[in-house]
Structures are given as C-alpha cells and as structure tokens.
**Student:** 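This is the structure I have questions about; it appears just below.
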There are 2 protein chains.
Amino acid sequence: MPSQPDSIDSTPFLARSSRRGTERVTMEEVARYAQVSASSVSLFLRHPERVSAKLAPRIAAAIKDLNYVPNLLAGSLAAAHTRAVAVIVPSLANAFFAATVSAMQRVLEQNGYQLLLGDSGYDIRKEQELAQTFLAWSPAALVLTGLHHSAACRQLLTQARLPVAEMWELGPQPFDLQVGFSHRAVGETLARHLYLRGRRRLAFVGAKLGQDYRAAQRAQGCRDFLQQVDAEPLLVIDLPDAATPVGGAMALRELLAQHQQVDGICCSNDVLALGMLFEAQRLGIEIPRQLAVVGFGDLPYAQVAQPGLTTARPPSAAIGEKVIEHLLTQVAATEVHRQAVQLDLGFELIERASS
Amino acid sequence: MPSQPDSIDSTPFLARSSRRGTERVTMEEVARYAQVSASSVSLFLRHPERVSAKLAPRIAAAIKDLNYVPNLLAGSLAAAHTRAVAVIVPSLANAFFAATVSAMQRVLEQNGYQLLLGDSGYDIRKEQELAQTFLAWSPAALVLTGLHHSAACRQLLTQARLPVAEMWELGPQPFDLQVGFSHRAVGETLARHLYLRGRRRLAFVGAKLGQDYRAAQRAQGCRDFLQQVDAEPLLVIDLPDAATPVGGAMALRELLAQHQQVDGICCSNDVLALGMLFEAQRLGIEIPRQLAVVGFGDLPYAQVAQPGLTTARPPSAAIGEKVIEHLLTQVAATEVHRQAVQLDLGFELIERASS
DNA sequence: TTGTAGGCGTTATCAC
DNA sequence: GTGATAACGCCTACAA
C-alpha cells in the first residue's frame, strides 16, 4: 500500500466510475481553480460579505473564467427549499390571468425566484394533478386560482408544508393567503348601475358558468340586487363555449330575438361585450339608447370602444403583486404559526357611454 | 419487547441527525411500508411493468397510503436531467405569446414535463439573465422568442449542452430548432393586398419598432413591396409605447391630420387596428371606402369587428406545439449530432371588409 | 426480478 | 474566516 493513496487511482477523470455527470462546471472545479475549498465558494455565493477580501476576488474570477452556473437542483436538495413558486391559472389565454401572471413573474424575478406555471383549463381535476406534479418540485409556495378545489387537492396541499395562496376570489377556509375581491359585489354594482340608469329588464350573458365560478358569482350578484329592489328577475344566458366576441355577438342576436323587452345587459366580461357592441352596430341597435351594455375587466379596448364600454375593473396586476409579496413574507417567516391572510383589493366601476 | 431487531434502534426518527429534512414522505419510507427495497419502488415508479405482480400492488398501495410525492429535485440530480422546459417570451400580456405558451403547456403536460416561464419584457439583457437563471435549473430544453439575443446569451446557450429553440421568427444560425414564419412575407402580402385593392398611399403603424423586431420586419416587407412596384414609399409611424387600442386611435388621428392622402393603413397588429376601427367610426371616416385598414394576428375580435378586419393570421398555437414536439424528440435523441431543424409554419391572409 | 452500494452537486455543521 | 465531512433523496450499475 503506497503512501500516497491518491496516486493509485490517479486517473480520477477516467475513473469517473460508471456514473455520468452533467458535464457542467461544478463548484468543486471552481474551488480548485481558485485554490480554495468548495465550502468557501458556496459561502461566497450565498454570503459574499462573509468571505475574506483575499479570497473573494479569486473566487469571483474563477466563477467568471470557468463560466460557472450553479446547479440549483443540487442546492435545493441540500438546502431543502427552492426559490421557485408554482402558479396554476384556469387559462393563460385569458387576459386577466395573463396580466396577473405577468405581474407575478416580475415580482418573483426581482426576488430571485422562478415561476412554475400551470394551466388547469378550468378543470378541477387537472388542477389537482398539476398541484401534485408541482409539489414534486418542492416549490417555496403554491398559488391557485379561485376557491374551488377537489377534496384530494385540499388534502394534498394541507399536508404539504408550504404556503398556499388562492387568488381572484375571497371566501371561507383560506389556506395561508387569499387575495381578490368580491365578484358578487361586482355583480351588484353593475346591476345597480344599470338600474339607476333606468334599466328594468336586465340580462346576464356568461360563458361556461358552470366552470367559471367567479362569473357565476357576478351573475348571482346581479340577481340578488334585482331581487332586493323587487325588480324583474334576471334573465341569464349561459353560452356553452368559452367567452369570445363572436359568442357575444350571437348572444345579442338571440336575446333580441327572444326577449325584446331586455334593456340592459350585463356581460360576463368585456370580451363578450365587445362582440355585442359590434353586433349592435351591425343590427342598427343604438347603444345605450335602446340597450345598455356593461362588461367586466376593463380590457384595453373598453376605453376606445364606440361607445365606450362601462365596465368593472379588477385589480389584475395588483393581485399578482400582492400574492407574491405576501407569499414571500410567509416563506421567510418561521414555518410554524404563519397566520392566514385575506386581502380584499376591491374593484372599480368605470362608467362610460355604453350605459 | 419483541424479538425483532428493528426494536433495537427503535428511535431512528429521533436519530435523524442534525440535518433537517423536508419532513416529506420519502421513497425509503414507502419501501419500508411496502416491505420492499427502495430501488424496487424507484423501478416501479419509472417502469411499473418491470416489477413483479406480487410487489407492484403492495408498492402502489404504500404510495397511496403514505401519500407519497416523489422528490423531483433529488431524482433530477441523480438522473442528471429534468422533465422541465424553460420558455422565455417577450411579453405574456401579448395575446400571441399567451396562445403559444398555452399550447406549449398543454403538450408539455401531456408528456409529463413542466413549464418554466420567463418574461423578458422585450429586453435582450433580461432575456440573458433569465436564460442564465433557467440554466441553473438544468431544464431539458430552452425556448427563446425571436432571433435577437445578446452575444453572451448565445455563448451561454451554445456551451450548455441542451437543445435550444427559437420561435416566431426564422433566420440564419439556428441553435437546434427554429419554428416560425416570415414576417417580411406577411408585410409584403398585406401591402400587396392593399395595392391590389387600389390603395396607393400606404402607411405602417407600429409600436416600439426598435424593440419588436418582428413588427419591424413586417414593416420592411411592406416597404419592399411598394418599392418593387414602384409605388409611393411607405409612411411609417412608430408609437413610443406598447401597442394598445388607444394608441391605434391616436395614431389614426395623427395620420389623418398630417397625411390626409393616406388611403391604406397596415397596422403592426390587430390591437392597434381595433382602436383605429373605433376611432374611424367616431370621426365618421368610412372604412374601407375612404381608408382601408389591415392588421396582424387575427385576434378573436377581428372577425366580429365592424367592419370585419382584414388581417394575417399567425400560427400561434401551432408554433407552441411544434416547438415542444421537436424539442422533446431532440431531448430523447442521442445528445450528440442532433440536426438543427427549421420549420416555416407560414401564415394566412384573412380578407374581410376593412380593406 | 430484487436488493446493495455508491454517487449526483450542493448546503450545513462543526472543528480548526 | 476556512475547510473537512456528512447529509439531502433518489437513480443506476452491478451483484444476488
């Protein structure tokens, strides 16, 4: 047995055993290059100020020279936590959620976090699957849209020890955070608005109300208000397909054909309302004289539409920001005893010419 | 005290050393519960058919009972590859990219992959930062939007051994995959369309053309065509802010005020065009009689707009699908010698009443 | 088919 | 402040 055991297997590069590595530059190599230990490199990466002024520049140079990119997988495994937040939205194609996700991405990035994105397609089951998959990545936190989740999903997330947020809706039994506003109040506000403008026979046009719980709540808000003032009951039209301007146009035709007495329409969102505006124009219906139309979302075109579209503006971007801000706070907080927070960001009635 | 040796060190749970774990159920625990070895559980998870009919159900039950969620971090580290694909888009708020990302998410999920999303805000530098961060997660592949990247970014991605795709644009020096179409051709097609309809004084209205290279190429396509047929040179208006309907409306007013002779406008996209349509209506300009307007994107409202908006339809969703499909193929292929692929998905001219 | 023994690249602990 | 050393949870030859 020789005195320098190292020389025996002095072909360490060939001897890389059977195991294939990533072939990437590793922290070990950076350490060798900088003539320091791996621990120092690690420390430098996480707390640069704690490393001496002597080593620091050497390490920095080595990292630069070798073009070192730390392996977050290994780091996260060792540290037992990641800098990633998983987000599940019902539909990315929906401008509302796109705006929220965009805002989240911005704030996350500012804090050195990554965004894991999932699209549930308004499907509770798929949401659960996505949540499970995400959990396997050990994200620092998870964000769901809405309050309706499968029982299995609720259980899964309760067991997992990570902060869970729900957004775009408020209600009982929050996990750790809820950021949203009252859709019911939106419906009431919109109905009241139309009522005050003298409209007495209102209709609500939505799409897939069975899946879009928030839209259904807005409809309910309308209904409640009308009942409250003892007005004609709300006429509800539920389109079978996702909300599109074409759907809105069709709905208007149908409405005019079968319920001529309607004088005010509350659309599930601006997308439908836009289609109606165009269709009304085509049919020679004067808005708002003959028919008032209001929407939801205050999408970019609501302002320039002809006539301008009265609508309720949700705090799409603010929701994203607040969710992430609070979530990151909770992540930092001691894992135990973090209080559930509920944030009502409200909404804004934007009155324009369409009503 | 039972005779089982297990009882000897029966405090293994306290003995968890000083190291704090995730507190999550581990594969080891599943194995103990199912009375098998950890490797059998691992095998079962990856190749259920290769495990005997005796153990399989036991393992499955254990997983279910314990509510086991595999730790992908550990798995990926060991396997030296992940089931995640990173995607960087210029703006999620843009409906085009939202559609593409949505499609990608769908296909990825079908294949058991995860989507890592980044938003560069049309900023080359931020794109590079995002790419670097993503690389730290060792994604199986990376997707960029467009062809303009910083030199550092190009180098970073060339060094990394993962398949890199560029989308929404075609050009020289592809990494491993390019999926898109010719924006120049779009511009030419649109200009020709207007020309054939008798328009002779064309304008192109865009927003931030200095950053939106693709829109700039469409403008160039228009310009080229006009030069080709020896027509009046293209009048280009470049809005300083992101494209919005409001911007489109403003642009129209400006255009009419300063260049009354313009009889055809090619908008950078449907968003601007929509604003113009409304503004024209407001100003009493007859479209298409006095002025023809065409857009790009065929967004949902183009069809119901009044008048219907002539536009070029990009293969937004198809781009997402193809990118992922090909990328996953390349991921599976032997890491060496994977050929660069270029895919021209084309576009479609949708002729409607606005021109 | 099933089990055993490293090792993946990093972080965290603890002496020095 | 710096550097060994032991996890982190899983995968994968390889042996049984």
Side-chain angles (χ1 to χ4, degrees), chain A residues 6 9 12-13 15-32 34-59 63 66 68-83 135-138 161, chain B residues 12 15-32 34-59 62-63 66 68-83 135-138 161:
Chain A
D6 283 48
D9 50 358
F13 297 93
R16 251 183 175 280
S17 98
S18 46
R19 220 86 162 80
R20 78 283 132 239
T22 330
E23 286 304 327
R24 268 176 21 180
V25 175
T26 142
M27 185 180 274
E28 190 76 35
E29 302 182 79
V30 173
R32 263 208 298 277
Q35 314 246 45
V36 299
S37 77
S39 315
S40 297
V41 177
S42 175
L43 192 64
F44 172 80
L45 250 26
R46 281 168 304 119
H47 306 285
E49 74 283 2
R50 284 197 210 164
V51 82
S52 71
K54 204 166 294 174
L55 294 199
R58 286 224 309 267
I59 299 178
I63 289 178
L66 266 41
Y68 171 64
V69 177
N71 185 332
L72 251 38
L73 253 32
S76 303
L77 176 60
H81 65 252
T82 57
R83 289 180 83 79
L135 248 33
W137 282 88
S138 316
R161 301 309 198 90
Chain B
R16 252 184 173 282
S17 99
S18 48
R19 220 88 160 75
R20 78 282 131 243
T22 330
E23 285 303 326
R24 269 180 17 185
V25 176
T26 148
M27 187 180 273
E28 190 76 33
E29 302 181 78
V30 174
R32 265 208 296 276
Q35 315 247 48
V36 300
S37 78
S39 51
S40 295
V41 178
S42 175
L43 193 64
F44 174 79
L45 251 26
R46 281 168 304 119
H47 307 284
E49 74 282 2
R50 284 198 208 162
V51 82
S52 70
K54 204 165 294 175
L55 294 198
R58 286 222 313 264
I59 298 178
I63 289 177
L66 265 40
Y68 171 65
V69 177
N71 185 332
L72 250 39
L73 255 32
S76 304
L77 178 59
H81 65 254
T82 58
R83 290 181 81 80
L135 248 32
W137 282 89
S138 317
R161 303 307 199 92

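Chain A is the first sequence line, chain B the second, and so forth, proteins listed ahead of strands; every chain is numbered from 1. The model shown is predicted, which means the values in this text are computed figures rather than measured ones.
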**Student:** Base, sugar-phosphate, or nothing: which does A:Leu73 touch, judged by heavy atoms less than 4.0 Å apart?
**Tutor:**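 Nothing: the residue A:Leu73, judged by heavy atoms under 4.0 Å, touches no strand.
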
**Student:** May I ask you to verify if any side-chain N or O of B:Ser42 is less than 4.0 angstrom from the OP1 or OP2 atom of D:dC11?
**Tutor:**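 Answer yes for this pair, as a side-chain N or O of B:Ser42 is under 4.0 Å from OP1 or OP2.
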
**Student:** Kindly write out the residues that satisfy side-chain contact (heavy atoms from CB on, under 4.5 Å) with A:Gln35, not counting sequence neighbours, or none if the list is empty.
**Tutor:**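 Listed in chain order: A:Arg58.
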
**Student:** Can a side chain N or O of B:Thr26 be found less than 4.0 Å away from OP1 or OP2 on D:dC10?
**Tutor:**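 Checking B:Thr26 against D:dC10: at least one side-chain N or O falls below 4.0 Å of OP1 or OP2.
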
**Student:** Please tell me which of B:Val36 and A:His81 maps to the more 5' nucleotide of DNA chain C, matching each residue to the nucleotide holding its nearest heavy atom.
**Tutor:**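 This one resolves to B:Val36.
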
**Student:** May I ask you to say what B:Tyr68 touches in the nucleic acid, namely base, sugar-phosphate or nothing, with a heavy-atom cut-off under 4.0 Å?
**Tutor:**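 Touches sugar-phosphate only.
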
**Student:** Which residues pass the side-chain contact (heavy atoms from CB on, under 4.5 Å) test with A:Ser39, sequence neighbours left out?
**Tutor:**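 side-chain contact (heavy atoms from CB on, under 4.5 Å) list for A:Ser39, sorted by chain: A:Ser37.
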
**Student:** Regarding B:Leu72, tell me which of base, sugar-phosphate or nothing describes its non-hydrogen contacts under 4.0 Å with the strands shown.
**Tutor:**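 The residue B:Leu72 makes no contact with any strand.
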
**Student:** Going from CG on B:Leu55 to OG on B:Ser40, what distance comes out if it is rounded to the nearest 0.5 angstrom?
**Tutor:**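 Those atoms lie 5.5 Å apart.
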
**Student:** Going by heavy atoms in the side chains, are A:Thr26 and A:Asn71 under 4.5 Å from each other?
**Tutor:**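 When only atoms from C-beta onward are counted, A:Asn71 and A:Thr26 do not touch, as no gap falls below 4.5 Å.
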
**Student:** Counting C-beta onward and ignoring hydrogens, is there a side-chain heavy-atom pair between B:Thr82 and B:Leu72 closer than 4.5 Å?
**Tutor:**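 The answer is no, as the side chains (C-beta and beyond) never meet within the 4.5 Å cut-off.
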
**Student:** OP1, OP2 of C:dT1 versus side-chain N and O of B:Ser52: anything below 4.0 Å?
**Tutor:**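 The answer is no; no side-chain N or O of B:Ser52 sits under 4.0 Å from OP1 or OP2.
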
**Student:** What does B:Ser39 touch in the nucleic acid at a heavy-atom separation under 4.0 angstrom: a base, only the sugar-phosphate, or nothing?
**Tutor:**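 Base contact.
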
**Student:** What residues, two or more places apart in sequence or in another chain, satisfy side-chain contact (heavy atoms from CB on, under 4.5 Å) together with A:Leu45?
**Tutor:**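 side-chain contact (heavy atoms from CB on, under 4.5 Å) check on A:Leu45 returns A:Met27, A:Val41, A:Ile63, A:Tyr68.
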
**Student:** Quick one: list whatever passes side chain to side chain donor-acceptor pair (under 3.5 Å) with B:Arg46, sequence neighbours left out.
**Tutor:**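 Checked B:Arg46 against side chain to side chain donor-acceptor pair (under 3.5 Å); matches are B:Ser42.
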
**Student:** Can you measure B:Arg24 atom CZ to D:dG9 atom P for me and round it to whole angstrom units?
**Tutor:**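 From B:Arg24 CZ to D:dG9 P: 9 Å.
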
**Student:** Categorize B:Arg50 for me: base, sugar-phosphate, or nothing, with a 4.0 angstrom heavy-atom threshold over every strand shown.
**Tutor:**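 Sugar-phosphate contact only - B:Arg50 comes under 4.0 Å of backbone atoms but never of a base.
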
**Student:** Is the shortest side-chain N/O distance from A:Arg46 to OP1 or OP2 of C:dT10 below 4.0 Å?
**Tutor:**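 For C:dT10, neither OP1 nor OP2 has a side-chain N or O of A:Arg46 closer than 4.0 Å.
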
**Student:** To the nearest 10 degrees, how far apart in direction are the end axes of the helix from C:dT1-D:dA16 to C:dC16-D:dG1, each fit to five base pairs?
**Tutor:**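 If I round to tens, the end axes sit 30° apart.
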
